Amino acid sequence: MTERPSPPLTLGVEAGPGAARLCLAGDLDYDTSEQFVERARACLDDDPALRDLFLECSGLRLCDSMGVSSLLLVHRGTTSRGVVLHLEHPPAFLRRILDVTGTLQLFALDGAGRQDEQEEEGGRTPADARYQSVPPPAPSG
């Protein structure tokens, strides 16, 4: 019996009042980034009162340059609507990619991502500080 390969990216959506969670599992790459952006836009369009969009990233296996580009495109869409974009449990490779590209500070890190970041900085994570926003960088020029 031949096993069928798992889909490259699965996207699950959980919605509540003022917040939505998009659960990503698989590969966020050239082939799947458009699907991700469309689903994120649908979350924004479905709730005009949305304040927070959470991206649950613990199931990500890969993120290439198109994946990073799609994350930035979604960030642009959330920022223009006053919605905070949270990364929940980003894998170490994703945090590293965003750090190297200078874009990590654009995202609110939640869960293990925030704890890992603070531990690297020598700090401790308060138990009640689950969600923190990081302001966008000041415009230059």
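As the structure is a computational prediction, the values presented were derived from the model and not from experiment. These numbers come from the heavy atoms of this one structure, side chains and all, not from hydrogens, waters or symmetry mates.
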Would you name the heavy atoms of [X] and [Y] that are closest together and state the gap between them?
X	Y	value
G67	S70	O-OG, 2.7 Å
G18	D47	N-OD2, 3.5 Å
P91	C57	CD-O, 3.3 Å
C23	E14	SG-OE2, 4.0 Å
S80	G77	OG-O, 3.0 Å

**Report entry** side-chain contact (heavy atoms from CB on, under 4.5 Å) assessment of T78 paired with V84
**Finding:** CA-CA 6 Å; T78 57; V84 177; over 6 Å; no
Requested in this report: Using the side-chain contact (heavy atoms from CB on, under 4.5 Å) rule, pick out the option among I97, L28, T32, D29 that qualifies with D64.
Outcome: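 Single pass found, and it is D29.
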Is any side-chain heavy atom of [Y] closer than 4.5 Å to one of [X]?
X	Y	answer
L55	L71	yes
R21	V13	no
R95	P90	yes
D27	L9	no

**Report entry** Modelled atom types, side-chain donor and acceptor of Q35 and S33, under 3.5 Å
**Finding:** no
Query - CA sep, side-chain torsions, deciding dist, call: V74, L22, side-chain contact (heavy atoms from CB on, under 4.5 Å) - result: CA-CA 12 Å; V74 170; L22 190 53; over 6 Å; no
Report task. Determine, using ring centers only, whether F107 and H75 are less than 6.0 Å apart. Result -> yes
Query raised in the report: Rounded to the nearest 0.5 Å, how far does CG of L72 lie from CG of L98?
Result: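 Between atom CG of L98 and atom CG of L72 there are 7.5 Å.
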**Report entry** Point-to-point distance, once rounded to the nearest 0.5 Å, from CZ of F54 to CD of E88
**Finding:**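 Going from the CZ atom of F54 to the CD atom of E88 covers 6.0 Å.
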Query raised in the report: Is a side-chain N or O of E34 found less than 3.5 angstrom from the main chain of F36, in a donor-acceptor match?
Result: no
Report task. Please check if the side chain of T79 supplies one atom and the backbone of R76 the other of a donor-acceptor pair under 3.5 Å. Result ->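 Such a contact is absent between T79 side chain and R76 backbone.
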Query raised in the report: In terms of hydrophobic clusters joined by side-chain contacts under 4.5 Å, are L106 and V37 together?
Result: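 Linked within one cluster.
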Requested in this report: Let me see the working for F93 and L60 under side-chain contact (heavy atoms from CB on, under 4.5 Å), right down to the final yes or no.
Outcome: CA-CA 10 Å; F93 74 84; L60 277 181; 4.1 Å; yes
Query raised in the report: Can D45 and R81 be counted as an ion pair, charged N to O under 4.0 angstrom?
Result: yes
Query raised in the report: Stepwise, does the side-chain contact (heavy atoms from CB on, under 4.5 Å) test hold for L73 with R41?
Result: CA-CA 10 Å; L73 191 57; R41 283 185 180 149; 3.8 Å; yes
